[in-house]
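Structure, as structure tokens:
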Amino acid sequence: RPDLFRQGAQKYNEAELEAIENDPSGLYILMEDIEIASFDILCSKDVPFTGVLEGNGHTIRGLNLTFDGSQQGFFRYLTDTAMVVDLHLEGTVQPAGSASEVGGFAGKNSGLIRNCSFAGTVSGKEFVGGITGHNTVSGIVENCVISGSVYGGHFVGGIAGKNVGVLRSCENNALIN
């Protein structure tokens, strides 16, 4: 596990945040709240996030993801080495098209999401969750909170739409269909 207290690449704005995709295995530390205007999903199916994003207790506001496809969220896919901690997201994840495995933080999580919150709307067709659409066997989601609304056609949950990993000490305050 990487040392979260060592110096990482500090992120101050939307452009710097989007640059994470250029080095998905890095250690990143948010240094202030960020308001985003036109944001693309971080990392692709072909290049998943494998690093650490330390939110430092900050909030990213204005998330509005409406792209076609599956595995949609702030990150598409978090691998088993990925960690997202102490981050708060506000906005909407509402993809068009197949819209399977949809979550506020990750469409599919095999890593660690800890001390995070999502406030807003998450919707899709199947495997839809406020934090992650699909939490795999190696995925851990702990001390996370969701508020707002989560809805979909099949397999919908406040924290995870499908879980075969670990959900620990999480709280759902969202409306679920």
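- One distance of note links CG of Leu167 with CG of Asn172; it measures 11.0 Å at 0.5 Å rounding.
- Using a distance-only test at 3.5 Å, with no hydrogens or angles considered, a donor-acceptor pair links the side chain of Ser70 to the main chain of Ser100.
- Listed for the Asn177 side chain is a donor-acceptor partner under 3.5 Å among the backbone atoms of Gly152.
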Stepwise, does the side chain to side chain contact (heavy atoms under 4.5 Å, CB included) test hold for Leu112 with Val84?
-> CA-CA 6 Å; Leu112 171 68; Val84 179; over 6 Å; no
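- At a threshold of 4.5 Å between non-hydrogen side-chain atoms, the residues Leu53 and Val85 do not count as touching.
- Here the CZ atom belonging to Arg76 is positioned 9.0 Å from the CD atom belonging to Glu21, to the nearest 0.5 angstrom.
- Partners of Ser25 under the side-chain contact (heavy atoms from CB on, under 4.5 Å) rule, at least two apart in sequence or in another chain, are Asp23, Thr50.
- No single ILVMFWY cluster, assembled from side-chain heavy atoms under 4.5 Å apart, contains both Phe118 and Leu175.
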One pair to check against ring-ring contact (aromatic ring centres under 6.0 Å, His included): Phe105 and Phe74. What are the steps and the verdict?
CA-CA 5 Å; Phe105 278 84; Phe74 185 67; 7.0 Å; no
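- Minimum heavy-atom separation, Asn115 to Cys144: N-SG, 4.1 Å.
- At a threshold of 4.5 Å between non-hydrogen side-chain atoms, the residues Asn22 and Ile20 do not count as touching.
- Following chains of ILVMFWY side-chain contacts shorter than 4.5 Å, one can reach Ile140 starting from Val52, so the two form part of one hydrophobic cluster.
- Hydrophobic cluster membership differs between Ile159 and Val145, with clusters built from Ile, Leu, Val, Met, Phe, Trp and Tyr side chains linked at under 4.5 angstrom.
- Val164 and Phe127 fall into different hydrophobic clusters, defined by Ile, Leu, Val, Met, Phe, Trp and Tyr side-chain heavy atoms under 4.5 Å apart, directly or through other members.
- No chain of hydrophobic side-chain contacts below 4.5 Å, direct or via other Ile, Leu, Val, Met, Phe, Trp or Tyr residues, connects Ile131 to Phe155.
- Between the Lys125 side chain and the Gly97 main chain, a donor and an acceptor come within less than 3.5 Å of each other.
- The side-chain contact (heavy atoms from CB on, under 4.5 Å) check on Asn56 picks up Ile29, Met31, Glu54, His58, with sequence neighbours excluded.
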Legend entry - side chain to side chain contact (heavy atoms under 4.5 Å, CB included) between Asn109 and Thr136, intermediate numbers included: CA-CA 6 Å; Asn109 176 49; Thr136 71; over 6 Å; no
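- Shown here for Cys116 and Asp86, the closest heavy-atom pair between the two residues is SG-N, 3.9 Å.
- Note that the CG atom of Asn135 and the CD1 atom of Ile113 stand 7.0 Å from one another [nearest 0.5 Å].
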(message) Using the rule given for side chain to side chain contact (heavy atoms under 4.5 Å, CB included), can you reason through Ser123 versus Val150, listing the C-alpha separation, both sets of side-chain angles and the distance that settles it, and then say yes or no?
(response) CA-CA 6 Å; Ser123 70; Val150 180; over 6 Å; no
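- Residues Val102 and Pro95 have side chains in contact (heavy-atom distance under 4.5 Å, counting atoms from C-beta outward).
- The CD atom of Glu142 lies 5.0 Å from the CZ atom of Arg168; values are rounded to the nearest 0.5 Å.
- Using a distance-only test at 3.5 Å, with no hydrogens or angles considered, no donor-acceptor pair links the side chain of Thr92 to the main chain of Thr121.
- When all heavy atoms of Gln94 and Tyr151 are compared, the pair lying nearest together is NE2-OH, 2.6 Å.
- Closest approach of Gly157 to Ile176, counting heavy atoms only: C-CD1, 4.1 Å.
- Remark: Ser117 OG to Ile146 CD1 distance equals 8.5 Å, nearest 0.5 Å.
- Between Glu35 and Arg61 there is no salt bridge, since none of the side-chain N atoms of the basic residue sits less than 4.0 Å from a carboxylate O of the acidic one.
- Checked by atom type and distance alone, the side chain of Asp33 pairs as donor or acceptor with a backbone atom of Thr59 at under 3.5 Å.
- Annotation for Phe49 and Gly26: closest pair CZ-O, 4.4 Å, computed over non-hydrogen atoms.
- With rounding to the nearest 0.5 Å, the separation of NZ in Lys162 from NZ in Lys108 is 8.0 Å.
- Looking at every heavy atom in both residues, Pro24 comes nearest to Pro48 through CB-O, 3.4 Å.
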